[in-house]
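A short worksheet on the structure shown next.
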Amino acid sequence: MSGLLADPAGALRRAALLMVGGLVWETAARSGLSSPLIVPSLTRIGYQLWVLATQPDSLVEAWYSLARALAGFGLAAVVGVALGVLMGRSTLFAASLGPFFSGTYPIPKIALFPIFIYLFGIGSLSKVLLIFLECLYPIVITTQAGGRAVNRVLVWSAANMGASRARILRSVVVPATAPFIFAGFRIALPIAMIVVIITEMISSADGLGYLVMYSLASFKTDRMLAVVVVIALIGVALDRLVVYVRDRLVSWERLESYYVS
Amino acid sequence: MAPHTPQRSTRAQPSPARPAIAHSQSRHFGDVPLSGSRSIGLALLLAMLGLWQVAMRFEHPDFILSPSEIARHFVEALWSGELLPHVGASLARSLPGFVVGSLIGVVLGLLAGVARSLDQLLSPVVFLTYPVPKIVFLPIVMLWVGIGDVSKIAVIALACFYPCFINAYHGARGTPTIMVWSGLNMGARRSQTFRKVVVPSALPLVFAGLRVSLALSFILLFSTEMINARSGLGFLIRQSESSLRFDLMYVAIVAVAALGYAGDQLLLLARRRVLAWQDATSR
């Protein structure tokens, strides 16, 4: 909101851009050059959006996707921050776990999904665990980098004033690492959304990813695009939420302006 | 988003001796050097594989294979020609997607980082749509260009565009002002300043973006292939899973892992080549 007030010209420009895009789409839809199946008009997409938002059924689908994404992400956040801080502050942890993480980081974990289905069933558990695994890497790696970068003067002064090791970790290292932790969160959250949608597209009978594929298969393009809009909005909203929490908690370091549009 | 000129956004440089990039770079995934002692990690990996192998002596479900069995099947599939056509099909999708998407991303990102008009045109759109999971565009693209390879390449390119654009943009904007000034002062033209000052100083972040894009391209490749394809490693995993050929499934998974790892190593090698000067100054 503050962005709107601080930069009315930018907001106007964005609105104009959005309107031009909408106009082009609507012209293409109404010109009759393309089938309404390929490019449905905005009013039809809007109507489907309204249907989605008012039907309890579709809200349940959205809730499934959101719950899976957040469960996997939350698990990864807890485990990832703990591992990352330990790896950033202890050479033993860094030496034993570092090669493991760097070696398996470029491997697409999504390939393990079939095995996960066999191990944990086709329901939510296999999806949540896959999201956990994909989110864990960015969080661990950015947190470790942050843990390494903690100003050692701060650690020394805390130790000098008699703080125990646990106290230093809790009161100095974790807050000093927080900007990095949130940077990791902002990478991991879109990944969580990607993976939940993908896994629901591949094998599921519920969730928004399933709804996209189902609408496509039944040639309800307007409905599919409405679901895509919902997914996009959830993605943006979650990102905003992380930025909001970050700005609250890490008030001493301003987030660079380019990310906050 | 407040419009900034590159000069304004980079005014604060506490110590010129320390490159500005080295600070901001660590916030970007994919550029964090992960060394540590290799031997301990390797020992841990071998111990895990050994434990796995030993655990296989006990009763276990059919869908879990021991490492030695997987290795044997891998070699067999390599010779029998069951694997290589799928590897080729996957690469024929991921490489064009990665190259096109990241090339457009890097070029536009660098230009948006130095040209205010382009910045104002592109950045709001890019940063607003950045958190949208790009895989949702697969059905739409499929509808428009068909179910074949083009739709997969387009979605991979779209996903690769974002990290490259964002990192190249930050990289260009993070160019220390003093370097641009000295370039201009010594009579460099605008194009020369861009080529010889802005681009080199943005390169570390560009490589970080490329690394993220590469990882993303693999994720999208295998998921698009799992959703619909008649060839490729993702298809192979799906098909062998549903026909209960677990040996082939593991072979395909190992191939996926190997490809992802090899691509990342290639990129790191290129980075070390291109950025030899940076490693020399920052360590």
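All values reported here derive from a predicted model rather than from experimental measurement. Letters go in sequence order (proteins before strands), and every chain restarts at 1.
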Self-check item: Heavy-atom pair with the smallest gap, counting every atom of Ile110(A) and Phe222(B)
Solution: CG2-CB, 4.2 Å
Quiz item: Is any side-chain heavy atom of Ile219(B) less than 4.5 Å from a side-chain heavy atom of Ile198(A)?
Solution: yes
Quiz prompt | Side-chain heavy-atom pair Tyr250(B), Ile115(A) within 4.5 angstrom cut-off | solution = yes
Practice problem: Taking the side chain as every heavy atom from C-beta outward, state whether Ile231(A) and Val132(B) have any atom pair closer than 4.5 Å. | Solution: no
Quiz prompt | Within 6.0 angstrom of Tyr64(A) OH, more than 12 heavy atoms from elsewhere | solution = no
Quiz item: Who among Leu233(B), Asn228(B), Leu259(B), Ile253(B) has the most heavy-atom pairs with chain A under 4.5 Å?
Solution: Ile253(B)
Quiz item: Do the side chains of Met224(A) and Ile140(B) get nearer than 4.5 Å, heavy atoms only?
Solution: yes
Self-check item: Top contributor to chain A interface from Leu267(B), Ile135(B), Leu220(B) [non-hydrogen pairs under 4.5 Å]
Solution: Ile135(B)
Practice problem: Please state whether the side chain, the backbone, both or neither of Leu214(B) comes within less than 4.5 Å of a heavy atom of chain A. | Solution: neither
Self-check item: Heavy-atom side-chain proximity of Arg240(A) to Pro131(B) below 4.5 angstrom
Solution: no
Quiz item: Contact part of Ala257(B) toward chain A, heavy-atom cut-off under 4.5 Å: side chain, backbone, both or neither?
Solution: both
Quiz item: Does Pro190(A) offer a backbone N or O that forms a donor-acceptor pair with the side chain of Tyr130(B) under 3.5 Å?
Solution: no
Quiz item: Relative to chain B, which segment of Val212(A) carries a heavy atom at a distance below 4.5 Å: side chain, backbone, both, or neither?
Solution: side chain
Self-check item: Results of salt bridge (Lys or Arg N to Asp or Glu O under 4.0 Å) for Arg68(A) - residues two or more places apart only
Solution: Glu200(A), Asp206(A)
Quiz item: Do you know which of Leu119(A), Thr91(A), Leu112(A) has the most heavy-atom pairs with chain B at a distance under 4.5 angstrom?
Solution: Leu119(A)
Practice problem: Can you establish whether the number of heavy atoms outside Phe120(A) located under 6.0 Å from its atom CZ is more than 12? | Solution: yes
Self-check item: Any Pro139(B) side-chain heavy atom under 4.5 Å of Met213(A) side chain
Solution: yes
Quiz item: Rounded to the nearest 0.5 Å, how far apart are NZ of Lys134(B) and CD1 of Ile197(A)?
Solution: 12.5 Å
Quiz prompt | Nearest heavy-atom neighbours spanning Tyr118(A) and Glu241(B) | solution = OH-O, 3.2 Å
Quiz item: Using a cut-off of under 4.5 Å for heavy-atom pairs, which of Val196(A), Leu189(A), Ile194(A) has the most such pairs with chain B?
Solution: Ile194(A)
Self-check item: Pairs of heavy atoms under 4.5 Å with chain B: top-ranked of Gly21(A), Pro108(A), Gly235(A)
Solution: Pro108(A)
